[in-house]
Amino acid sequence: MSKKLTFGKLAGTIFCIIATAAAVVLMFANAYYGGQMKLIDKCFTAIERDDYDSFKSCFSAEDRESITEEYFSANKWILSCFTDNENNKAAVSFVSRERLDKNAYNVTFDLTVYNDSESSEVFRLYFPFMRENGRWVIVI
C-alpha cells in the first residue's frame, strides 16, 4: 500500500511541476505577444473614439511628427467602411510575426468584421512593429 501512495505522490508532484511550467510559459507568451495586441486594440479604439492623440501615441517617436489630422481621418474613413452598419462589429486576432532585426518585427493580424455568427469577412493586416524604450510601437 505504501508503494501506491509513493507512486501517487510522485505522480502528483510531476503533475504540479508540469502545470507550473505550462503556466509560466503561457504568462511569458502572453506578455511577449500581449503588448502587440494591446497596441493594436489601442490604435483601433482611438480611431473609433476619434482620439487623435491616443492614435498618435501608438507610433514611433520618429513617425509621430509625420502623422497629420488628414492621415488620422483617412484611417477613420477606412475603419468606417468596415463597420458602416450599426450591427457590424470588428475583432482583431494575432496571426504571426516575423523578426526583421534585433528590435523590429512584421506582425500579421486578422481583422474580422461580422454582423452575426454566420456572416463575417476576414481582412489580413500587416503592421511593422518595433521596441522603443521598452514598449511596442507601430512603424510607418
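These numbers were taken from a predicted model, which means no experiment stands behind them. When reading the values below, keep in mind they use all heavy atoms of this one structure, side chains included, and skip hydrogens, waters and symmetry mates.
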- Tell me, yes or no, whether the heavy-atom count around D101 atom CG, taken from other residues, nucleotides or ligands under 6.0 Å, exceeds 12. yes
- What closest approach, in Å, do I138 and D63 show between heavy atoms, and which atom pair accounts for it? O-OD2, 4.0 Å
- Task: Taking atom CD of E62 as the centre, report whether more than 12 heavy atoms of other residues, nucleotides or ligands fall under 6.0 Å from it.
- Result: no
- Query: Does V122 share a hydrophobic cluster with F94, counting links as ILVMFWY side-chain heavy atoms below 4.5 Å and allowing steps through other members?
  - Reply: no
- Item | Gap separating the CG atom of L125 from the CZ atom of F44, nearest 0.5 angstrom | 5.5 Å
- Message: How long is the straight-line distance from SG of C58 back to CG of D41, given to the nearest 0.5 Å?
- Response: 10.0 Å
- Message: Treating S54 as the side-chain partner and D51 as the backbone partner, does any N or O pair qualify as donor plus acceptor under 3.5 Å?
- Response: no
- Item | Aromatic ring proximity, centroids under 6.0 angstrom, F55 and F72 | yes
- Message: Using a 3.5 Å distance criterion without hydrogens, assess whether the side chain of E98 forms a donor-acceptor pair with backbone atoms of V107.
- Response: no
- Can you find a pair of side-chain heavy atoms, one from N106 and one from Y126, that are under 4.5 Å apart? no
- Note on the structure: Tightest non-hydrogen contact, residues R99 and K102, listed as NH2-O, 3.0 Å
- Given a cutoff of under 4.5 Å between side-chain heavy atoms of I, L, V, M, F, W and Y, with clusters grown through shared members, what are the other residues clustered with V139? M130, V137
- Item | Nearest-0.5 Å distance that lies between atom CG in L39 and atom CH2 in W136 | 10.0 Å
- Lys NZ or Arg CZ of R64 over F59 ring: under 6.0 Å, within 45°: no
- Item | Interatomic distance, E48 atom CD to C43 atom SG [nearest 0.5 angstrom] | 10.5 Å
- Would you check, one step at a time, whether the test side chain to side chain contact (heavy atoms under 4.5 Å, CB included) holds for V95 with R124? CA-CA 9 Å; V95 175; R124 179 117 326 153; 3.9 Å; yes
- Task: Keeping the roles fixed (side chain from T45, backbone from K42), state whether a donor-acceptor pair exists under 3.5 Å.
- Result: no
- Task: Take L100 and Y105, measure what side chain to side chain contact (heavy atoms under 4.5 Å, CB included) needs, and give me the verdict at the end.
- Result: CA-CA 5 Å; L100 301 175; Y105 296 86; 5.7 Å; no
- To the nearest 0.5 Å, atom OG of S60 lies from atom CD1 of I140 at 7.0 Å
- Task: Describe, in one word, how the ring planes of F109 and F129 are oriented to each other, choosing from parallel (under 30°), tilted (30 to 60°) and perpendicular (over 60°).
- Result: tilted
- Applying side chain to side chain contact (heavy atoms under 4.5 Å, CB included) to T68 and not counting sequence neighbours gives E70, Y71
